[in-house]
2 protein chains.
Amino acid sequence: MKDNNDMPGHLARRFQQIAVAVFLAEVGDAGFDLTPVQYAALATIKANPGLDQVTLAGLIAYDRTTITGVIDRLVQKGLAERRASRRDRRARELEITDEGRRTLRKITPAVESAQRIMLRGLSAKESEDLMRLLHKAIAAGNELSRAPLREAQA
Amino acid sequence: MKDNNDMPGHLARRFQQIAVAVFLAEVGDAGFDLTPVQYAALATIKANPGLDQVTLAGLIAYDRTTITGVIDRLVQKGLAERRASRRDRRARELEITDEGRRTLRKITPAVESAQRIMLRGLSAKESEDLMRLLHKAIAAGNELSRAPLREAQA
DNA sequence: TACTGATAGTCAGCATACTGAACAATATCC
DNA sequence: GGATATTGTTCAGTATGCTGACTATCAGTA
């Protein structure tokens, strides 16, 4: 009888569960209230100023219906802004605010610490191997979810 | 500038996302409507008849507040039953129904197929390595989430 | 230009997950 | 035995994620 714990799907769920808990704990201890999802979105907005929501969703592999709420919360916290685009009146252009930039800067040590903690059971080489294998599995399965990773358009 | 895609937390999220999508697609194609979470719960109830909700949650590392809704849905679908325990009147004893047993049996090929598909980018050895490393990282981080894995009591 | 198809964003509805609180029942300790 | 702590379950509230539908807009074409 195959144990749940031998199924890659179950292991994926558990690892993610721990990763989120560690992230929230580290970031919370540092005095911030930001989820992993919100952090990734904010960092990506900062790196690609003026991008629209669909592009943002593609860059971090979120569903486009999920990104709406995530941006709502970033805007509500004063970390990002959503403006109507003049080139395409359907689209919204996203910008990070000064407050958002400050938050990102101050939160970085906690985020890096979280990444270390969630791999604390592994040696440096093992961590590297795990990341490489996850990368490879994800690349092969990219198109299988509704929210695949998409490169930015030129 | 560190890319999101180099963070273990982000990779964890993506792998899980793909794993869930593949599971739902395979199981759905086979004609069943069962989530990965519901499947794991049902399989664990079958393997441990009469267990209570907290024990079930511990065996599959779910939060105890989450398990309530999962069981609600299994009961509503007629796959499991929830009975008051006579030994401890706070607790509910869980049993799989005949319908649940039938469903588990018929769904197994789809579940196994899903596990293969989510690793389709990896060789057999790479798959084995990934599972081993995930196991190790999860074991070290077990206590860091609100819903750690717990062995069954004797 | 009118039609057709595609695209950007949102929304309603459902299913995990978690926090924190409540309630009832049990266990423990003095 | 009675106060206290702990445990099993549920609930309200919030945040992802998804499906499917809808509106507004844009792009291409007959």
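Each chain gets a letter, A, B and so on, in the order its sequence line appears, and its residues count up from 1.
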- Item | Atom pair distance, as rounded to whole Å: CG in A:Asp72 and C1' in C:dC11 | 11 Å
- Which part of the nucleic acid, if any, lies within contact of A:Thr66, taking any heavy atom under 4.0 Å across all strands shown: a base, the sugar-phosphate backbone alone, or nothing? base
- Message: Just N and O in the side chain of B:Arg13: are any of them under 4.0 Å from OP1 or OP2 of D:dG17?
- Response: yes
- Item | Rounded distance in Å - CG (B:Asp63) to C1' (D:dG13) | 14 Å
- Task: Starting from P on D:dT16, measure out to OH on A:Tyr39 and report it in whole angstrom.
- Result: 16 Å
- Message: Check B:Asp52 with B:Arg90, please: is the shortest side-chain N to carboxylate O separation under 4.0 Å?
- Response: no
- Message: My understanding is that only one of B:Ile71, B:Val70, B:Asp72 makes a side chain to side chain contact (heavy atoms under 4.5 Å, CB included) with B:Thr68; could you say which?
- Response: B:Asp72
- Phosphate contact (D:dT16 OP1 or OP2) by A:Arg73 side-chain N/O below 4.0 Å: yes
Taking only N/O atoms, report every protein-nucleotides 6-8 of chain D pair under 3.5 Å with atom names and distance.
from: D:dT7; atom 1: O2; to: B:Arg90; atom 2: NH1; distance (Å): 2.4

- Message: Categorize B:Arg146 for me: base, sugar-phosphate, or nothing, with a 4.0 angstrom heavy-atom threshold over every strand shown.
- Response: base
- Query: Hey, is the side chain of B:Thr65 poking within less than 4.0 Å of OP1 or OP2 on C:dC18, counting only N and O atoms?
  - Reply: no
- Query: Does a salt bridge link B:Asp129 with B:Lys125, judged by any charged N lying under 4.0 Å from a carboxylate O?
  - Reply: yes
- Message: If we count only N and O atoms by modelled type, under 3.5 Å, do the side chains of B:Arg146 and A:Gln17 hold a donor and an acceptor together?
- Response: no
- Item | Interatomic distance where CD1 belongs to A:Ile60 and C1' belongs to D:dT16 [whole Å] | 12 Å
- Salt-bridged, B:Arg86 to B:Glu93, with N to O below 4.0 Å? no
- Round to the nearest Å and state the distance from A:Gln76 atom CD to D:dT14 atom P. 11 Å
- Query: Contact class for B:Ala21 vs. all strands (heavy atom < 4.0 Å): base, sugar-phosphate, or nothing?
  - Reply: nothing
- Query: Which one, C:dC18, C:dT16, D:dT16, comes nearest to the side chain of B:Gln38?
  - Reply: C:dT16
- Query: Is the phosphate of D:dC18, meaning OP1 or OP2, less than 4.0 Å from a side-chain N or O of B:Gln17?
  - Reply: yes
- Query: When the nearest nucleotide of DNA chain D is assigned to A:Arg89 and to A:Gln16 on a heavy-atom basis, which residue is associated with the more 5' position?
  - Reply: A:Gln16
- Message: Distance check needed: C:dA8 C1' versus A:Arg87 CZ, whole Å only.
- Response: 13 Å
- Message: What is the distance, to the nearest angstrom, from the CZ atom on B:Phe23 to the P atom on C:dA15?
- Response: 15 Å
- Query: For B:Arg86 and C:dA25, is the shortest distance between a side-chain N/O and OP1 or OP2 below 4.0 Å?
  - Reply: no
- Message: Is the phosphate of D:dT10 approached by B:Thr68 (side-chain N or O, under 4.0 Å from OP1 or OP2)?
- Response: yes
- B:Glu81 and B:Arg83 ion-paired at < 4.0 Å: yes
- Between atom CG in A:Asp33 and atom P in D:dA15, what is the gap in whole Å? 8 Å
- Task: Test A:Arg150 against A:Glu143 for salt bridge (charged side-chain N to carboxylate O under 4.0 Å, His left out), laying out the working first.
- Result: CA-CA 10 Å; A:Arg150 298 273 180 239; A:Glu143 300 303 323; 3.2 Å; yes
- May I ask you to say what A:Val70 touches in the nucleic acid, namely base, sugar-phosphate or nothing, with a heavy-atom cut-off under 4.0 Å? sugar-phosphate
- Does B:Glu95 CD have over 12 foreign heavy atoms under 6.0 Å away? yes
